[in-house]
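Here's the structure we're looking at; comments come further down.
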Amino acid sequence: EEQFLKDLQDIVITEIKSETLNTEYLADQIGISQSQLYRKLKALTGGTPTTFIRDIRLDRSLSLLESNELNIAEIAYEVGFSNPSYYSRAFHKKYAKSPMMYRKK
């Protein structure tokens, strides 16, 4: 089970910038159906494949925010969000502060 999650995580990290990274792509890469992927991730993590992908993207964005090399929009694109305002909302929902407030900590 841990190897399954590690394999999924490796796929997401490798393809993090790609807009084609979605549940269908993840299921294809791991070699199971989308419904099997959903059931297995729900059982292991309590979340959906979409949430799994989004959380890895958000976690990756933390290190980019700490580096101060990119602005917020560039970070959003760097981790695969096509809309910086959606990235900011998702970040705030997960970490209870905006990306800008996190950077100022």
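FYI, the numbering just counts along the sequence from 1. In this text the structure is predicted, and so the values were computed from the model without any measurement.
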Item checked: Pairs satisfying salt bridge (Lys or Arg N to Asp or Glu O under 4.0 Å), at least one member in residues 24-33, at least two apart -> none
Check: Residues two or more places apart in sequence or in another chain: which of them pass salt bridge (Lys or Arg N to Asp or Glu O under 4.0 Å) with Lys93?
Finding: none
Notebook entry, point to check: For Tyr86, what residues pass the ring-ring contact (aromatic ring centres under 6.0 Å, His included) criterion, not counting sequence neighbours?
Noted result: Phe81
Next item on the list: List in chain and number order the residues that pass side chain to side chain donor-acceptor pair (under 3.5 Å) with Gln3, two or more places apart in sequence or in another chain; answer none if no residue qualifies.
Entry: Asp7
Check: ring pair (Phe, Tyr, Trp, His ring centres under 6.0 Å): which pairs involve residues 42-70, sequence neighbours left out?
Finding: none
I'd like a table of donor-acceptor pairs (distance under 3.5 Å, sequence neighbours excluded) in which one partner is a side-chain atom from residues 30-38, with atom names and distances.
unit_1	atom_1	unit_2	atom_2	d
Ser33	OG	Ser35	OG	3.2
Ser33	OG	Gln36	N	3.1
Ser33	OG	Gln36	OE1	3.4
Gln36	OE1	Ser33	N	3.1

Notebook entry, point to check: Can you name the nearest heavy-atom pair linking Ala76 to Pro84, along with the distance?
Noted result: CB-CA, 3.9 Å
Note to self: My understanding is that only residues two or more places apart in sequence, or in another chain, count here; which of them pass salt bridge (Lys or Arg N to Asp or Glu O under 4.0 Å) with Asp10?
What the structure shows: Lys6
Margin query: Does anything in residues 70-82 form a side chain to side chain donor-acceptor pair (under 3.5 Å)? List the pairs, not counting sequence neighbours.
Written below: Lys17-Glu78
Notebook entry, point to check: For Asn83, which residues count as a side chain to side chain donor-acceptor pair (under 3.5 Å) partner, sequence neighbours excluded?
Noted result: Ser85
Margin query: According to side chain to side chain donor-acceptor pair (under 3.5 Å), who are the partners of Ser98, at least two apart in sequence or on a separate chain?
Written below: none
Checklist line | Gap between atom CD1 of Ile53 and atom CD of Gln9 - 0.5 Å precision | finding: 12.0 Å
Can I get a per-line list of side-chain donor-acceptor pairs under 3.5 Å for residues 39-47, giving both atom names and the distance, sequence neighbours left out?
unit_1	atom_1	unit_2	atom_2	d
Lys42	NZ	Gly46	O	3.4
Thr45	OG1	Leu41	O	2.7
Thr45	OG1	Gly47	N	3.1

Next item on the list: Indicate the atoms forming the closest heavy-atom contact of Tyr102 with Glu66, along with that distance.
Entry: OH-OE2, 2.6 Å
I'd like a table of donor-acceptor pairs (distance under 3.5 Å, sequence neighbours excluded) in which one partner is a side-chain atom from residues 57-65, with atom names and distances.
unit_1	atom_1	unit_2	atom_2	d
Arg57	NE	Ile16	O	3.4
Arg57	NE	Val79	O	3.0
Arg57	NH2	Ile16	O	3.3
Arg57	NH2	Ser18	O	3.0
Asp59	OD1	Lys94	NZ	2.9
Asp59	OD1	Tyr95	OH	2.5
Arg60	NH1	Ser63	OG	2.9
Ser61	OG	Leu58	O	2.6
Ser61	OG	Tyr87	OH	3.0
Ser63	OG	Arg60	O	3.0

Notebook entry, point to check: In Å and rounded to the nearest 0.5 Å, what is the CZ to CD1 distance from Arg103 to Ile72?
Noted result: 4.5 Å
